[in-house]
S.K.: 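What follows is a structure written as structure tokens; I'll ask about it next.
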2 protein chains.
Amino acid sequence: MPRPSQLSEKRRLLVPAVAKAFADLGYRRTTTAELASRCRVQENILYRLWRDKKAMFIAAIDYIYESSAQTWAELLKGKPSEAAAEILLAYEATHFAENGYARIIFAGLSETDDPEIRKALAQMYQRYQAFVLEQLQKHRGSRNGKLKGDIGLAAWGFVGLGTVAAIVRELKLLSDKERGRLMTQVGRLLLEGA
Amino acid sequence: MPRPSQLSEKRRLLVPAVAKAFADLGYRRTTTAELASRCRVQENILYRLWRDKKAMFIAAIDYIYESSAQTWAELLKGKPSEAAAEILLAYEATHFAENGYARIIFAGLSETDDPEIRKALAQMYQRYQAFVLEQLQKHRGSRNGKLKGDIGLAAWGFVGLGTVAAIVRELKLLSDKERGRLMTQVGRLLLEGA
DNA sequence: CAATACTGTAAGCAATCACTAACAATATAG
DNA sequence: CTATATTGTTAGTGATTGCTTACAGTATTG
């Protein structure tokens, strides 16, 4: 018997560096040579782990949500679930999109006629929306406010708020402080519903 | 004296086709050969009109807002200014991002470390926000509701709403009907303020 | 007319880059 | 030990593509 494959393990190990590269450089300026260099391996190795450059990109997309989810789980550990929404909102008001991964998403969104990329992005967005929705339900469940309208749409509103916050950060359209106020203020609006 | 230059005129003439190409294909898959073909000219001609491919892309970015502004002006012609916000919201609930130009923006957002691209995008976003803000002020000015918080941030909220609507459309995450409800429902929330 | 710059057409080049082939070295299971 | 598949290293290539050069034709002004 030969030695057992460690491919999937190696993939997990390298994905963060791959994601960072795409986040720093976008898709087209992230050459496979650059990826190899950042991963401290030869290009060849990458092609044993992933079919082609696109597959590396998709792995980066998948990693984004996992990375967020891990941060959130850490943050909410031991906290009461009704407080989760407020805690997350306060945290993201200052830290949202600080890792730069949003640029991976933008790069992907300009390639949405590729079915695999679209699928990966769709899955990622649906996960985000589902997570937000869960927090919203727990939050609103506690109080019995006059909640009007579909709560699922409010969750999508949050996704939009996050997106514009990332854009505003990327383009330096608002100061950190103003961007924080944007998140908390519009966030609170969505949290409570009209 | 030689014949007068018609360069700027020709630029105006070709920009819509250029923008359509970038919208259809993204940045990297839009080759200069493809651009030339769609414009029904030789590549060479394009390089007389713009310094390089990036300049063509930036021209496309600039065109996006102009295109929207023209549509809106048409739509609001002869309408009372207090009604503008509602009219626009109702219109965009079904027509937002239908031209596909959003993909130009996403392509640009993944290249934001280029100063010229960032500048073009920042200008475009600021124009959109300023326009929305203007409509919001006219809308809220008419009624004297309990408007809490910074109205400028609400305008950024609208920009976020538009962005998520474009994403949701691109990725087919919601049906047309649901997306319309997203726009109107969250839009109304932002319109009135908490 | 004539000078001058603009417009159109064709061909091609230099550089980048995704991807591969070939081979040596190594670790594991029987 | 040995067979087998994995891992590491080097080099290279075919294709794409942004951009340029060169030249012929044309319209406009003095």
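If you're wondering where the values come from, they're calculated on a predicted model, not measured in any experiment. Proteins come first, then strands; the chains are lettered A, B, ... in the order of their sequence lines, and each starts at number 1. Below, each value reflects all heavy atoms present in this structure, side chains not excepted, and no hydrogens, waters or symmetry copies.
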S.K.: Measure the distance from CH2 on A:W50 to C1' on C:dC19 and round it to the nearest whole Å.
M.R.: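 One finds 16 Å between C1' of C:dC19 and CH2 of A:W50, rounded.
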S.K.: Distance only, no hydrogens: is a donor on one side chain within 3.5 Å (strictly under) of an acceptor on the other, for A:S68 and A:Y128?
M.R.: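 The answer is yes; a qualifying pair exists.
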S.K.: Whole-Å distance between D:dC19 P and B:K53 NZ?
M.R.: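 Value for this atom pair: 8 Å.
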S.K.: So if I take residues 11-42 of chain A and measure heavy-atom distances to DNA chain C, which residues fall below 4.0 Å?
M.R.: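 Within this stretch, A:T30, A:T31, A:T32 sit under 4.0 Å of the strand.
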S.K.: Just jot down the side chain to side chain donor-acceptor pair (under 3.5 Å) partners of A:K20, sequence neighbours excluded, or say none.
M.R.: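 A:K20 satisfies side chain to side chain donor-acceptor pair (under 3.5 Å) with A:D24 once adjacent residues are dropped.
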S.K.: Using a heavy-atom cut-off of under 4.0 Å over every strand shown, decide if B:K10 touches base, sugar-phosphate, or nothing.
M.R.: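 The answer is sugar-phosphate, as B:K10 gets under 4.0 Å only of primed atoms, P, OP1 or OP2.
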S.K.: Using distance only, find each side-chain donor-acceptor pair of residues 73-81 of chain A under 3.5 Å and give its atom names and separation, not counting sequence neighbours.
M.R.:
none

S.K.: Should A:R51 and A:E116 count as an ion pair when the cut-off is N to O under 4.0 Å?
M.R.: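 Judged by the 4.0 Å cut-off on N to carboxylate O distance, A:R51 and A:E116 do form a salt bridge.
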S.K.: Under 6.0 Å between the ring centres of B:W72 and B:F131?
M.R.: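 Yes.
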S.K.: Would a hydrophobic clustering, with Ile, Leu, Val, Met, Phe, Trp and Tyr connected at side-chain separations under 4.5 Å, put B:F22 with B:L25?
M.R.: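 Unlinked, B:F22 and B:L25 end up in two clusters.
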S.K.: Got a sec, which residues hit side chain to side chain donor-acceptor pair (under 3.5 Å) with B:N99, two or more places apart in sequence or on another chain?
M.R.: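 With sequence neighbours excluded, B:N99 shows a side chain to side chain donor-acceptor pair (under 3.5 Å) to no residue whatsoever.
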S.K.: Check the pair B:T31 / B:E34 against side-chain hydrogen bond (donor to acceptor under 3.5 Å, both in side chains), numbers first and verdict last.
M.R.: CA-CA 5 Å; B:T31 64; B:E34 175 74 20; 5.1 Å; no
S.K.: Please determine, for the side chain of A:D52, which listed nucleotide (C:dC19, C:dT9, D:dT9) has the closest atom?
M.R.: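 For the A:D52 side chain, the nearest candidate turns out to be C:dC19.
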S.K.: Residues of residues 107-117 of chain A with any non-hydrogen atom less than 4.0 angstrom from an atom of DNA chain C: list those, numerically ordered, please.
M.R.: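 Under 4.0 Å from DNA chain C: no residue of residues 107-117 of chain A.
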S.K.: According to a hydrophobic-cluster definition based on side-chain heavy atoms being under 4.5 Å apart (Ile, Leu, Val, Met, Phe, Trp, Tyr only), do A:Y27 and A:Y101 belong together?
M.R.: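 Result: yes, single cluster for both.
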S.K.: Could you tell me how far apart B:L46 (CG) and D:dT17 (C1') are, to the nearest whole angstrom?
M.R.: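 Atom CG in B:L46 sits about 14 Å away from atom C1' in D:dT17.
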S.K.: Starting at CE of A:M56 and ending at C1' of C:dC17, how long is that distance when rounded to a whole Å?
M.R.: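 Answer to the nearest Å: 12 Å.
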S.K.: Under 3.5 Å, which N/O atoms of the protein pair with N/O atoms of nucleotides 20-24 of chain C?
M.R.:
| unit_1 | atom_1 | unit_2 | atom_2 | d |
| --- | --- | --- | --- | --- |
| C:dA21 | N6 | A:N44 | ND2 | 2.8 |
| C:dA22 | N6 | A:N44 | ND2 | 3.3 |

S.K.: In this structure, how many angstroms lie between the C1' atom of C:dC19 and the CD1 atom of A:I45, rounded?
M.R.: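 Spelled out: CD1 on A:I45 to C1' on C:dC19 is 14 Å.
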S.K.: Among the clusters formed by ILVMFWY side chains lying less than 4.5 Å apart, do A:I58 and A:L109 turn up in the same one?
M.R.: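 Yes, it is one cluster - the side chains of A:I58 and A:L109 are joined through contacts under 4.5 Å.
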S.K.: Evaluate salt bridge (charged side-chain N to carboxylate O under 4.0 Å, His left out) for B:D113 paired with B:R118, printing each intermediate quantity in order.
M.R.: CA-CA 7 Å; B:D113 47 355; B:R118 190 171 61 220; over 6 Å; no
